[in-house]
Amino acid sequence: MGGNFVRLGHYPQDPSVYKACDKLGIIVWDELPWCRGGYGESVWRANTSRLLNEMIDQNYNHPCIAFWSLGNEAGWMPDFENGDNRDTMAMVLNELNDLAHSLDSSRFTAFRKDEVAALIVDVYSPSIWAGWYAGVYKNYENALIDSRYKYKHLLHMEFGGDSHFGRHNEHPITGEGMLRSDTWSESESQLKVESISQKGDYSENYMVDLFDWYLNVSERLDWFAGSAQWSLKDFATPIRPENPIPYMNQKGLVDRAGNPKDAYYVFKSHWAQKLAFVYIESHSWLQRYGKPNASSEVCVFSNCDSVRLWLNGVNQGT
(Lines give C-alpha, C1' and ligand atoms only; values in the text may rest on other atoms or scores of the structure.)
Protein backbone atom coordinates (compact mmCIF):
# COMPACT_ATOMS: atom_id res chain seq x y z
CA MET A 1 0.00 0.00 0.00
CA GLY A 2 3.02 2.30 0.38
CA GLY A 3 2.68 3.18 4.07
CA ASN A 4 5.85 3.83 6.08
CA PHE A 5 4.34 4.26 9.57
CA VAL A 6 2.19 2.14 11.89
CA ARG A 7 0.52 2.93 15.18
CA LEU A 8 0.43 -0.15 17.41
CA GLY A 9 -2.75 0.68 19.33
CA HIS A 10 -3.63 0.03 22.00
CA TYR A 11 -0.96 -2.23 23.47
CA PRO A 12 2.52 -3.63 22.72
CA GLN A 13 2.64 -6.31 20.03
CA ASP A 14 4.34 -9.64 19.46
CA PRO A 15 8.15 -9.34 19.05
CA SER A 16 7.88 -10.46 15.43
CA VAL A 17 5.97 -7.24 14.61
CA TYR A 18 8.86 -5.05 15.76
CA LYS A 19 11.40 -7.22 13.94
CA ALA A 20 9.39 -6.90 10.73
CA CYS A 21 9.16 -3.11 11.12
CA ASP A 22 12.93 -2.92 11.71
CA LYS A 23 13.54 -4.91 8.54
CA LEU A 24 11.07 -2.97 6.41
CA GLY A 25 12.01 0.47 7.72
CA ILE A 26 8.54 1.21 9.09
CA ILE A 27 8.28 3.93 11.75
CA VAL A 28 6.42 2.74 14.87
CA TRP A 29 4.24 4.39 17.51
CA ASP A 30 4.31 1.91 20.44
CA GLU A 31 1.44 2.30 22.90
CA LEU A 32 0.94 1.67 26.59
CA PRO A 33 -2.29 -0.33 27.18
CA TRP A 34 -4.11 2.56 28.86
CA CYS A 35 -7.16 2.95 26.66
CA ARG A 36 -10.13 4.63 28.39
CA GLY A 37 -11.07 3.75 31.96
CA GLY A 38 -9.58 6.81 33.68
CA TYR A 39 -7.00 6.29 36.42
CA GLY A 40 -7.13 4.19 39.57
CA GLU A 41 -5.59 4.08 43.01
CA SER A 42 -2.12 2.95 44.13
CA VAL A 43 -2.29 -0.62 42.77
CA TRP A 44 -3.47 0.64 39.37
CA ARG A 45 -0.76 3.30 39.24
CA ALA A 46 2.01 0.91 40.20
CA ASN A 47 0.87 -1.56 37.56
CA THR A 48 0.60 1.13 34.86
CA SER A 49 4.13 2.35 35.61
CA ARG A 50 5.37 -1.25 35.50
CA LEU A 51 3.74 -1.80 32.10
CA LEU A 52 5.38 1.33 30.69
CA ASN A 53 8.75 0.32 32.13
CA GLU A 54 8.48 -3.16 30.60
CA MET A 55 7.34 -1.85 27.20
CA ILE A 56 10.34 0.48 26.92
CA ASP A 57 12.77 -2.05 28.43
CA GLN A 58 11.68 -4.80 26.03
CA ASN A 59 11.53 -2.70 22.85
CA TYR A 60 14.22 -0.06 23.44
CA ASN A 61 16.69 -1.57 20.96
CA HIS A 62 14.26 -1.65 18.02
CA PRO A 63 15.29 1.20 15.70
CA CYS A 64 11.81 1.28 14.17
CA ILE A 65 10.29 2.90 17.28
CA ALA A 66 10.05 6.69 17.27
CA PHE A 67 7.23 7.26 19.78
CA TRP A 68 6.29 5.91 23.21
CA SER A 69 2.55 6.55 23.48
CA LEU A 70 1.30 6.85 27.06
CA GLY A 71 -2.28 6.01 26.13
CA ASN A 72 -5.47 6.73 24.25
CA GLU A 73 -8.75 8.39 25.26
CA ALA A 74 -7.73 7.85 28.88
CA GLY A 75 -10.37 10.03 30.49
CA TRP A 76 -13.32 8.25 28.90
CA MET A 77 -15.58 5.88 30.84
CA PRO A 78 -13.68 5.84 34.17
CA ASP A 79 -13.59 2.48 35.91
CA PHE A 80 -13.08 4.11 39.32
CA GLU A 81 -15.00 6.83 41.15
CA ASN A 82 -13.62 10.26 40.23
CA GLY A 83 -11.22 8.49 37.87
CA ASP A 84 -11.43 11.29 35.32
CA ASN A 85 -10.48 14.20 37.58
CA ARG A 86 -8.40 16.56 35.44
CA ASP A 87 -5.88 17.60 38.10
CA THR A 88 -5.12 14.05 39.18
CA MET A 89 -5.01 12.93 35.55
CA ALA A 90 -2.33 15.55 34.92
CA MET A 91 -0.32 14.31 37.90
CA VAL A 92 -0.47 10.70 36.69
CA LEU A 93 0.48 11.68 33.14
CA ASN A 94 3.41 13.80 34.34
CA GLU A 95 4.72 10.82 36.32
CA LEU A 96 4.45 8.53 33.29
CA ASN A 97 5.97 11.14 30.99
CA ASP A 98 8.95 11.63 33.33
CA LEU A 99 9.38 7.85 33.63
CA ALA A 100 9.44 7.41 29.85
CA HIS A 101 12.02 10.17 29.40
CA SER A 102 14.19 8.77 32.20
CA LEU A 103 14.17 5.34 30.57
CA ASP A 104 14.71 6.69 27.05
CA SER A 105 15.73 10.30 26.44
CA SER A 106 16.12 9.76 22.68
CA ARG A 107 12.46 9.24 21.71
CA PHE A 108 9.24 11.25 21.83
CA THR A 109 6.42 10.61 24.26
CA ALA A 110 2.95 10.80 22.74
CA PHE A 111 -0.76 10.57 23.47
CA ARG A 112 -4.06 10.57 21.62
CA LYS A 113 -7.23 12.41 22.66
CA ASP A 114 -7.00 13.86 26.11
CA GLU A 115 -6.55 17.61 26.39
CA VAL A 116 -4.72 17.19 29.71
CA ALA A 117 -2.06 15.10 27.95
CA ALA A 118 -1.68 17.71 25.20
CA LEU A 119 0.13 19.99 27.67
CA ILE A 120 2.48 17.23 28.90
CA VAL A 121 3.68 14.85 26.18
CA ASP A 122 6.00 15.70 23.29
CA VAL A 123 3.61 14.75 20.47
CA TYR A 124 -0.17 14.94 20.60
CA SER A 125 -2.98 13.66 18.41
CA PRO A 126 -6.39 15.30 18.77
CA SER A 127 -9.57 13.49 17.80
CA ILE A 128 -10.57 14.55 14.27
CA TRP A 129 -13.27 12.41 12.69
CA ALA A 130 -14.62 14.97 10.22
CA GLY A 131 -17.23 13.28 8.08
CA TRP A 132 -17.92 10.34 10.37
CA TYR A 133 -18.87 10.94 14.00
CA ALA A 134 -19.61 14.61 13.34
CA GLY A 135 -19.20 17.26 10.68
CA VAL A 136 -18.25 16.73 7.05
CA TYR A 137 -15.03 15.51 5.52
CA LYS A 138 -14.51 18.74 3.59
CA ASN A 139 -13.77 20.40 6.94
CA TYR A 140 -10.65 18.27 7.43
CA GLU A 141 -8.14 20.91 6.35
CA ASN A 142 -9.68 23.53 8.65
CA ALA A 143 -9.49 21.07 11.55
CA LEU A 144 -5.80 20.38 10.88
CA ILE A 145 -4.97 24.08 10.60
CA ASP A 146 -6.73 24.76 13.89
CA SER A 147 -4.80 21.93 15.55
CA ARG A 148 -1.50 23.12 14.07
CA TYR A 149 -1.52 26.26 16.19
CA LYS A 150 -3.05 24.58 19.22
CA TYR A 151 -0.48 21.81 19.85
CA LYS A 152 3.30 22.04 19.89
CA HIS A 153 3.88 18.81 17.89
CA LEU A 154 0.94 17.46 15.90
CA LEU A 155 0.23 14.03 14.45
CA HIS A 156 -3.22 12.71 13.55
CA MET A 157 -3.65 9.14 14.74
CA GLU A 158 -7.24 8.18 13.86
CA PHE A 159 -9.52 8.99 10.95
CA GLY A 160 -11.91 7.19 8.65
CA GLY A 161 -15.19 5.39 9.18
CA ASP A 162 -16.97 2.07 8.84
CA SER A 163 -17.73 0.34 5.55
CA HIS A 164 -18.96 -3.13 4.71
CA PHE A 165 -17.00 -5.05 2.08
CA GLY A 166 -19.17 -5.35 -1.04
CA ARG A 167 -21.77 -2.73 -0.05
CA HIS A 168 -22.00 0.00 -2.67
CA ASN A 169 -24.06 3.08 -3.44
CA GLU A 170 -24.35 4.91 -6.75
CA HIS A 171 -24.90 8.18 -4.87
CA PRO A 172 -23.01 8.30 -1.55
CA ILE A 173 -23.45 11.13 0.92
CA THR A 174 -21.56 14.19 -0.33
CA GLY A 175 -18.61 15.99 1.21
CA GLU A 176 -21.08 18.61 2.44
CA GLY A 177 -23.02 15.90 4.29
CA MET A 178 -25.93 15.92 1.84
CA LEU A 179 -27.89 12.78 1.08
CA ARG A 180 -29.04 12.72 -2.53
CA SER A 181 -32.39 11.19 -3.42
CA ASP A 182 -32.42 7.82 -5.13
CA THR A 183 -32.35 8.08 -8.92
CA TRP A 184 -35.47 5.91 -9.19
CA SER A 185 -37.59 7.81 -6.67
CA GLU A 186 -39.60 10.99 -6.98
CA SER A 187 -37.48 14.13 -7.00
CA GLU A 188 -37.06 15.50 -3.49
CA SER A 189 -34.90 17.94 -1.60
CA GLN A 190 -31.50 16.81 -0.44
CA LEU A 191 -31.26 15.91 3.24
CA LYS A 192 -28.52 17.09 5.59
CA VAL A 193 -26.99 14.20 7.53
CA GLU A 194 -25.69 15.33 10.92
CA SER A 195 -23.83 12.14 11.85
CA ILE A 196 -22.70 9.79 9.10
CA SER A 197 -21.88 7.09 11.67
CA GLN A 198 -25.54 7.08 12.77
CA LYS A 199 -27.33 7.75 9.48
CA GLY A 200 -24.86 6.58 6.83
CA ASP A 201 -25.17 3.38 4.83
CA TYR A 202 -21.68 1.94 5.59
CA SER A 203 -20.98 1.79 1.85
CA GLU A 204 -17.49 1.53 0.42
CA ASN A 205 -18.22 4.45 -1.90
CA TYR A 206 -18.57 7.04 0.82
CA MET A 207 -15.30 5.98 2.42
CA VAL A 208 -13.52 6.13 -0.95
CA ASP A 209 -14.59 9.77 -1.31
CA LEU A 210 -13.65 10.61 2.30
CA PHE A 211 -10.19 9.04 2.13
CA ASP A 212 -9.39 10.61 -1.23
CA TRP A 213 -10.31 14.03 0.18
CA TYR A 214 -8.27 13.49 3.35
CA LEU A 215 -5.19 12.32 1.47
CA ASN A 216 -5.34 15.15 -1.05
CA VAL A 217 -5.31 17.51 1.94
CA SER A 218 -2.60 15.82 4.01
CA GLU A 219 -0.26 15.21 1.05
CA ARG A 220 -0.52 18.88 0.03
CA LEU A 221 0.23 20.47 3.43
CA ASP A 222 4.02 20.65 3.63
CA TRP A 223 3.94 21.46 7.37
CA PHE A 224 1.87 18.40 8.29
CA ALA A 225 4.08 15.66 9.73
CA GLY A 226 1.85 12.62 9.29
CA SER A 227 -1.23 10.60 10.09
CA ALA A 228 -2.50 7.08 10.64
CA GLN A 229 -5.86 5.84 9.38
CA TRP A 230 -7.86 3.76 11.87
CA SER A 231 -7.52 0.90 11.19
CA LEU A 232 -5.88 -1.44 8.70
CA LYS A 233 -8.28 -4.34 9.30
CA ASP A 234 -11.84 -4.85 10.55
CA PHE A 235 -11.90 -6.22 14.09
CA ALA A 236 -14.25 -7.51 16.78
CA THR A 237 -15.09 -5.23 19.70
CA PRO A 238 -17.11 -5.75 22.90
CA ILE A 239 -18.48 -2.18 23.01
CA ARG A 240 -20.42 -1.72 19.78
CA PRO A 241 -23.60 -3.82 19.94
CA GLU A 242 -25.45 -1.11 17.96
CA ASN A 243 -23.33 -1.48 14.81
CA PRO A 244 -24.95 -2.92 11.64
CA ILE A 245 -22.95 -6.06 12.35
CA PRO A 246 -23.10 -6.12 16.17
CA TYR A 247 -19.77 -6.06 18.02
CA MET A 248 -17.82 -5.47 14.81
CA ASN A 249 -15.71 -2.41 14.03
CA GLN A 250 -15.57 -2.11 10.23
CA LYS A 251 -13.16 0.79 9.85
CA GLY A 252 -10.57 -1.41 8.18
CA LEU A 253 -9.13 -0.98 4.70
CA VAL A 254 -9.46 -4.77 4.48
CA ASP A 255 -12.18 -6.96 5.99
CA ARG A 256 -11.56 -9.69 8.56
CA ALA A 257 -10.85 -12.20 5.78
CA GLY A 258 -8.16 -9.90 4.37
CA ASN A 259 -10.14 -8.79 1.29
CA PRO A 260 -9.06 -5.25 0.32
CA LYS A 261 -11.89 -2.75 0.18
CA ASP A 262 -11.85 -0.11 -2.53
CA ALA A 263 -10.46 2.36 0.02
CA TYR A 264 -7.26 0.32 0.19
CA TYR A 265 -6.51 1.33 -3.41
CA VAL A 266 -7.13 5.01 -2.65
CA PHE A 267 -4.18 4.89 -0.24
CA LYS A 268 -2.13 2.84 -2.66
CA SER A 269 -2.70 5.39 -5.44
CA HIS A 270 -1.33 8.17 -3.21
CA TRP A 271 1.55 6.29 -1.59
CA ALA A 272 2.76 3.23 -3.52
CA GLN A 273 5.89 3.90 -5.59
CA LYS A 274 7.67 0.64 -6.33
CA LEU A 275 5.20 -1.06 -8.68
CA ALA A 276 2.82 0.58 -11.15
CA PHE A 277 -0.83 -0.44 -10.76
CA VAL A 278 -4.32 0.50 -11.85
CA TYR A 279 -7.60 -0.48 -10.17
CA ILE A 280 -11.10 0.07 -11.55
CA GLU A 281 -13.83 0.33 -8.91
CA SER A 282 -15.04 -2.21 -7.88
CA HIS A 283 -14.35 -5.97 -8.03
CA SER A 284 -17.10 -6.63 -5.49
CA TRP A 285 -19.70 -4.41 -7.25
CA LEU A 286 -21.17 -6.87 -9.70
CA GLN A 287 -24.58 -5.25 -10.12
CA ARG A 288 -24.92 -1.55 -10.92
CA TYR A 289 -28.05 0.32 -11.88
CA GLY A 290 -29.21 3.58 -13.38
CA LYS A 291 -31.82 5.07 -15.66
CA PRO A 292 -31.27 4.69 -19.41
CA ASN A 293 -28.73 7.18 -20.78
CA ALA A 294 -27.92 8.47 -17.28
CA SER A 295 -24.26 8.91 -16.45
CA SER A 296 -22.56 6.99 -13.66
CA GLU A 297 -19.28 7.70 -11.92
CA VAL A 298 -16.66 4.97 -12.01
CA CYS A 299 -13.55 5.63 -9.93
CA VAL A 300 -10.17 4.54 -11.23
CA PHE A 301 -7.13 4.47 -8.94
CA SER A 302 -3.54 4.39 -10.12
CA ASN A 303 -0.07 5.56 -9.13
CA CYS A 304 0.86 6.17 -12.78
CA ASP A 305 1.17 9.64 -14.29
CA SER A 306 -1.64 8.80 -16.70
CA VAL A 307 -3.84 5.88 -17.70
CA ARG A 308 -5.99 5.21 -20.76
CA LEU A 309 -9.45 3.71 -20.50
CA TRP A 310 -10.78 1.29 -23.10
CA LEU A 311 -14.44 0.21 -23.08
CA ASN A 312 -15.45 -2.65 -25.39
CA GLY A 313 -12.45 -1.91 -27.58
CA VAL A 314 -13.15 1.81 -27.84
CA ASN A 315 -10.65 4.32 -26.48
CA GLN A 316 -12.43 6.49 -23.91
CA GLY A 317 -9.54 8.87 -23.29
CA THR A 318 -6.50 9.34 -21.08
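- Between the side chain of Asn216 and the backbone N or O of Asp212, at least one donor-acceptor pair lies under 3.5 Å.
- Counting only heavy atoms from C-beta outward, the side chains of Met55 and Pro12 approach each other to under 4.5 Å.
- Within 6.0 Å of NZ in Lys274 there are 12 or fewer heavy atoms belonging to other residues, nucleotides or ligands.
- In this structure, Glu297 and Glu170 have side chains that are not in contact, with every pair of non-hydrogen atoms separated by 4.5 Å or more.
- Under the 4.5 Å side-chain heavy-atom criterion for Ile, Leu, Val, Met, Phe, Trp and Tyr, Val136 and Ile173 are members of distinct hydrophobic clusters.
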Evaluate the side-chain hydrogen bond (donor to acceptor under 3.5 Å, both in side chains) criterion for residues His101 and Asp122: first the C-alpha distance (whole Å), next the side-chain angles of each, then the deciding distance (0.1 Å), finally the verdict. CA-CA 10 Å; His101 282 140; Asp122 301 319; 2.8 Å; yes
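- Ring geometry for Phe108 against Phe67 counts as parallel: the plane angle stays under 30°, on a 0 to 90° scale with 60° as the upper cut.
- Aromatic ring orientation, Tyr133 versus Trp129: perpendicular (interplanar angle above 60°, classes split at 30° and 60°).
- By the 4.5 Å heavy-atom criterion applied to side chains, Phe267 and Leu253 are counted as neighbours.
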Between Lys199 and Glu194, does the salt bridge (Lys or Arg N to Asp or Glu O under 4.0 Å) criterion hold? Intermediate values first, please. CA-CA 8 Å; Lys199 302 297 183 181; Glu194 298 298 333; over 6 Å; no
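- Cation-pi geometry between Lys268 and Phe277 is met: under 6.0 angstrom from the ring centre, within 45 degrees of the axis.
- Between Glu204 and Arg167, none of the side-chain N atoms (NZ, or NE/NH1/NH2) sits under 4.0 Å from a carboxylate O, so this pair counts as no salt bridge.
- Look at Arg112 and Glu31 and you find no salt bridge, because none of the NZ, NE, NH1 or NH2 atoms lies under 4.0 Å from a carboxylate O.
- Panel note: side chain Gln229, backbone Ser231; a donor-acceptor pair is recorded below 3.5 Å.
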Check the pair Thr109 / Val123 against side-chain contact (heavy atoms from CB on, under 4.5 Å), numbers first and verdict last. CA-CA 6 Å; Thr109 57; Val123 176; over 6 Å; no
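- Ile239 and Tyr11 fall into different hydrophobic clusters, defined by Ile, Leu, Val, Met, Phe, Trp and Tyr side-chain heavy atoms under 4.5 Å apart, directly or through other members.
- With no hydrogens or angles considered, no side-chain donor-acceptor pair links Arg50 and Asn53 at under 3.5 Å.
- Heavy-atom contacts from other residues, nucleotides or ligands closer than 6.0 Å to CD of Gln316 number more than 12.
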Evaluate the side-chain hydrogen bond (donor to acceptor under 3.5 Å, both in side chains) criterion for residues His10 and Ser69: first the C-alpha distance (whole Å), next the side-chain angles of each, then the deciding distance (0.1 Å), finally the verdict. CA-CA 9 Å; His10 304 294; Ser69 170; over 6 Å; no
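- Panel note: side chain Asn85, backbone Thr88; a donor-acceptor pair is recorded below 3.5 Å.
- For the atom pair Ser203 OG and His171 NE2, the distance stands at 12.0 Å (nearest 0.5 Å).
- Under the 6.0 Å cut-off for aromatic ring centres, His62 and Trp68 do not qualify, their centroids lying 6.0 Å or more apart.
- Arg107 and Asp104 are joined by a salt bridge, as a carboxylate oxygen and a charged side-chain nitrogen come within less than 4.0 angstrom of each other.
- Taking the centre of each ring, Phe111 and Tyr124 stay at or above the 6.0 Å mark.
- The ring of Tyr214 has its center closer than 6.0 angstrom to the ring center of Phe159.
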Might you work through the side-chain hydrogen bond (donor to acceptor under 3.5 Å, both in side chains) test for Asn169 and Asp201, ending with a clear yes or no? CA-CA 8 Å; Asn169 189 339; Asp201 59 11; 2.6 Å; yes
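- Between Trp44 and Trp34, the gap from one ring centroid to the other is short of 6.0 Å.
- Phe211 and Phe5 are members of different hydrophobic clusters when ILVMFWY side chains are connected at heavy-atom separations under 4.5 Å.
- One hydrophobic cluster, built from ILVMFWY side chains closer than 4.5 Å, cannot hold both Phe165 and Ile245; they sit in different ones.
- Within the 4.5 Å cutoff, no side-chain heavy atoms of Trp230 are placed close to those of Met157.
- A heavy-atom distance below 4.5 Å is not found between the side chains of Met248 and Asn243.
- Proximity of a side-chain donor or acceptor of Arg45 to a complementary backbone N or O of Gly40 within less than 3.5 Å is detected.
- Using a 4.0 Å cut-off between charged side-chain N and carboxylate O, Glu158 and Lys113 make no salt bridge.
- Between Leu144 and Ser147 the shortest side-chain heavy-atom distance does not fall below 4.5 Å.
- Between Cys299 and Asp262 there is no side-chain heavy-atom pair separated by less than 4.5 Å.
- Contact annotation: the side chain of Trp132 approaches that of Tyr206 to within less than 4.5 Å [non-hydrogen atoms, C-beta and beyond].
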In sequence, state the C-alpha distance, the side-chain angles, and the governing distance for Asp84 and Trp76, and then conclude on side-chain contact (heavy atoms from CB on, under 4.5 Å). CA-CA 7 Å; Asp84 56 352; Trp76 269 18; over 6 Å; no
Report the C-alpha separation of Asn303 and His270 in whole Å, then their side-chain angles, then the decisive distance to 0.1 Å, and conclude whether the side-chain hydrogen bond (donor to acceptor under 3.5 Å, both in side chains) test is met. CA-CA 7 Å; Asn303 60 349; His270 281 271; over 6 Å; no
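- The aromatic rings of Tyr265 and Tyr279 lie parallel to each other, with less than 30° between the two planes, well short of the 60° mark.
- A donor-acceptor pair under 3.5 Å is absent between the side-chain atoms of Tyr151 and the main chain of Ser125, judged by distance alone.
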Pair Leu96, Leu32 - check side-chain contact (heavy atoms from CB on, under 4.5 Å), show working. CA-CA 10 Å; Leu96 293 174; Leu32 177 71; 4.3 Å; yes
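- No path of Ile, Leu, Val, Met, Phe, Trp and Tyr side chains, each step under 4.5 Å between heavy atoms, connects Ile26 with Leu155, placing them in separate hydrophobic clusters.
- When all heavy atoms of Ala130 and Leu210 are compared, the closest pair comes out as O-CD1, 3.9 Å.
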Just do the side-chain contact (heavy atoms from CB on, under 4.5 Å) check on Asn259 and Val254 with the steps written out, would you? CA-CA 5 Å; Asn259 297 304; Val254 302; 5.9 Å; no
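- Asp30 and Tyr18 are linked by a side-chain donor-acceptor pair at a separation below 3.5 angstrom, with hydrogens and angles left out of the test.
- The salt bridge (Lys or Arg N to Asp or Glu O under 4.0 Å) contacts involving residues 233-254 comprise Asp162-Lys251, Asp234-Lys261, where partners must be two or more places apart or lie in separate chains.
- Between Arg148 atom CZ and Phe224 atom CZ the span is 11.5 Å, to the nearest 0.5 Å.
- Residue-environment remark: CE (Met77) stays at or below the threshold of 12 foreign heavy atoms within 6.0 Å.
- The residues Arg86 and Asp114 are annotated as salt-bridged, a charged nitrogen and a carboxylate oxygen being separated by less than 4.0 angstrom.
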